[in-house]
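Note sheet for the following structure.
Numbered from 1 within each chain, the chains take letters A, B, ... in sequence-line order.
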Protein chains: 2
Amino acid sequence: MAQHTVVVSRSTLKRLPLYLHLLEKLQAEGVETISCTYIAKEFDFDPTQVRKDVEATGEVGTARIGFRVAGLTDKIKEFLGWNNAHDAFLIGAGNMGKALLGYKDFEKYGLNIVAAFDKDPKKVGAKIFGKEVMPLSKMPALVKRMHINIGIVTVPAEHAQAAVDALIDAGVKAIWNFAPAPLKIPEGVILENARLTQSLAVLTNNLTRVLKP
Amino acid sequence: MAQHTVVVSRSTLKRLPLYLHLLEKLQAEGVETISCTYIAKEFDFDPTQVRKDVEATGEVGTARIGFRVAGLTDKIKEFLGWNNAHDAFLIGAGNMGKALLGYKDFEKYGLNIVAAFDKDPKKVGAKIFGKEVMPLSKMPALVKRMHINIGIVTVPAEHAQAAVDALIDAGVKAIWNFAPAPLKIPEGVILENARLTQSLAVLTNNLTRVLKP
DNA sequence: GTTTTATCGAGAAAAAAGTATCGATATAAT
DNA sequence: ATTATATCGATACTTTTTTCTCGATAAAAC
Ligand SMILES: NC(=O)c1ccc[n+]([C@@H]2O[C@H](COP(=O)([O-])OP(=O)(O)OC[C@H]3O[C@@H](n4cnc5c(N)ncnc54)[C@H](O)[C@@H]3O)[C@@H](O)[C@H]2O)c1
Ligand SMILES: NC(=O)c1ccc[n+]([C@@H]2O[C@H](COP(=O)([O-])OP(=O)(O)OC[C@H]3O[C@@H](n4cnc5c(N)ncnc54)[C@H](O)[C@@H]3O)[C@@H](O)[C@H]2O)c1
């Protein structure tokens with residue numbers, strides 16, 4: 001099977017999961033084929049944009065019909081790397097950390113959080129949703145032994161850089177960071193920030209503009 | 001004071017919180033002035049881009065010096081609507097809901113989650129981080145009485161549309177949605193999706209491309 | 001069987017976002 | 001005092017992203 005290593009824009013990459021969520025809903029309803037026109041209407045996008053996004057995944061459609069829901073689902077998942085699970089470690093078993101540890105659907109998104117690490121001795125030793133919380137000191141050896149590629153950072157902002165450094169030192173290839181702090185990483189390592197504050201900024205800015213005309 | 005009701009791109013809006021996080025760090029360190037060149041270096045952006053983003057907030061700088069950290073912080077906060085707190089209700093006191101209810105820093109970001117609602121009788125009546133969990137049936141009257149503008153949705157995807165409909169019916173003006181479901185809202189209401197899966201998609205796609213060259 | 005219609009896919013056009021250039025200016029160095 | 005330098009802010013330019021147009025095609029309608 002030809003691997004699609006097409007490089008696409010971040011914008012495209014971020015629309016693909018939206019399509020996937022819709023496709024999953026449709027599949028559950030027994031729908032078999034879907035057109036880009038339909039997908040576009042659902043999100044108020046341009047149909048051509050959806051077509052170009054879909055093109056990146058390598059799936060081809062048929063005129064007048066569109067795309068097979070199952071086929072497109074598969075291609076998007078493959079393209080996003082959601083077909084086989086990536087093991088991950090989580091640093092910071094606090095409120096956000098707990099929520100992530102308990103999120104069953106990550107399985108659908110190719111993410112498998114294997115264990116958590118915390119510097120607080122009171123948290124160490126416990127199990128959260130069946131996942132062990134261990135002391136930070138055990139992390140480096142385990143990253144190497146278990147070939148962990150992804151580190152999830154849910155520590156307070158002022159400790160985020162330290163956590164990231166430790167993870168990268170240990171050999172992690174990608175960081176998923178939830179702390180609102182500007183982080184420095186070496187060349188070659190992937191840093192992705194899950195910044196809720198960015199989303200909130202868009203909301204509150206829009207809201208204030210609507211409320212004060 | 002002149003209110004800045006400039007409409008800016010979503011991209012700009014999402015970079016502003018980044019600058020703010022940096023400014024807060026600098027302010028804590030006692031730094032008084034900052035140049036766009038410096039900010040740009042920190043995030044690996046173009047200095048001109050930072051200048052344009054900053055321009056949107058209405059803050060003016062001085063040549064050779066840059067911007068006052070305090071002044072810029074203030075203007076960004078004002079522009080984002082983070083200077084005065086917006087009251088919000090949260091629907092779905094599960095794992096993610098709990099994390100949000102316990103997040104102290106929302107205060108800094110102009111968000112004040114007042115109470116939570118859940119349909120599970122076992123959750124109703126409890127207090128989570130000092131915030132009451134109430135039955136959904138009480139929500140509409142309270143939205144009206146307390147003039148709540150923001151509804152936060154942290155229910156499972158299949159119940160998200162119902163939660164959103166109920167909130168909007170009750171009079172909420174803006175929805176912050178965490179469920180991975182395509183939602184329909186009427187004209188005039190603001191919908192902002194905090195989609196962790198989008199961020200994860202970028203990460204896993206990049207990672208698979210790095211791992212399989 | 002012919003026409004109509006909905007869709008894809010490719011390429012062109014338009015719009016938006018990002019980047020470079022340059023004069024003005026405020027400070028520091030000579 | 002003069003020169004050098006770092007920065008802003010305005011404008012011009014470039015690149016990227018989005019949208020439009022159109023021919024090809026597969027199914028449905030007539
Ligand atoms: N809770 C939310 O809703 C929310 C929302 C947006 C962003 N965030 C961000 O996510 C991060 C975590 O937030 P939270 O609410 O879970 O905080 P929290 O205080 O509940 O949890 C932080 C955890 O990290 C641990 N920790 C601290 N320093 C550590 C270190 N150096 N190594 C390992 N563990 C360490 C603490 O012991 C604690 O268990 C913060 O950066 C926060 O800003 C949280
Ligand atoms: N936990 C995470 O890390 C995470 C990450 C990304 C997205 N999400 C999304 O956030 C949402 C919540 O996730 P979670 O992990 O907190 O789930 P959860 O199952 O822990 O919590 C859901 C809560 O919503 C309540 N609920 C269900 N239907 C309701 C309704 N109609 N009205 C009011 N309350 C209702 C349930 O009683 C429960 O308390 C989901 O849509 C999930 O996909 C969660």
- prompt: Could you walk me through whether B/D165 and B/Q161 pass the side-chain hydrogen bond (donor to acceptor under 3.5 Å, both in side chains) check?
  reply: CA-CA 6 Å; B/D165 291 348; B/Q161 187 66 58; 2.8 Å; yes
Is [X] near enough to [N] that one of its side-chain N or O atoms lies under 4.0 angstrom from OP1 or OP2?
X     : N      : result
A/S35 : C/dT7  : yes
B/T48 : C/dG18 : no
B/R15 : C/dA17 : no

In whole Å, what is the span from the [atom1] atom of [X] to the [atom2] atom of [N]?
X     : N      : atom1 : atom2 : value
A/Q49 : D/dC20 : CD    : P     : 11 Å
A/R10 : D/dT18 : CZ    : P     : 13 Å
A/L13 : D/dT18 : CG    : P     : 12 Å
A/K52 : C/dT7  : NZ    : C1'   : 16 Å
A/D46 : D/dT21 : CG    : P     : 11 Å
A/D53 : D/dT18 : CG    : C1'   : 10 Å
A/E55 : D/dT18 : CD    : P     : 14 Å
B/I39 : D/dT7  : CD1   : C1'   : 12 Å

message: Once you apply a heavy-atom cut-off of 4.0 Å, does B/F45 come out as touching a base, just sugar-phosphate, or nothing?
response: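 The answer is nothing, as B/F45 stays clear of every strand by at least 4.0 Å.
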query: What does B/S9 touch in the nucleic acid at a heavy-atom separation under 4.0 angstrom: a base, only the sugar-phosphate, or nothing?
result: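 Sugar-phosphate contact only - B/S9 comes under 4.0 Å of backbone atoms but never of a base.
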query: For the side chain of B/R64 and the base of C/dT27, is some donor closer than 3.5 Å to an acceptor across the two?
result: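 Looking at the base of C/dT27, it does pair with a donor or acceptor on the side chain of B/R64 (distance under 3.5 Å).
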field: Crowding at NZ, A/K41 (>12 non-hydrogen neighbours, <6.0 Å)
entry: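 No.
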- prompt: So do the side chains of B/L18 and A/R195 get within less than 4.5 Å of each other, counting heavy atoms only?
  reply: yes
- request: Hey, which sits more toward the 5' end of DNA chain D by its nearest nucleotide, B/V60 or A/S11?
  value: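 The residue whose closest nucleotide sits nearer the 5' end is B/V60.
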query: Can you say whether the rings of B/Y103 and B/Y109 are parallel (under 30°), tilted (30 to 60°) or perpendicular (over 60°)?
result: tilted
query: Going by the angle between their ring planes, with limits at 30° and 60°, are A/F45 and A/Y19 parallel, tilted or perpendicular?
result: perpendicular
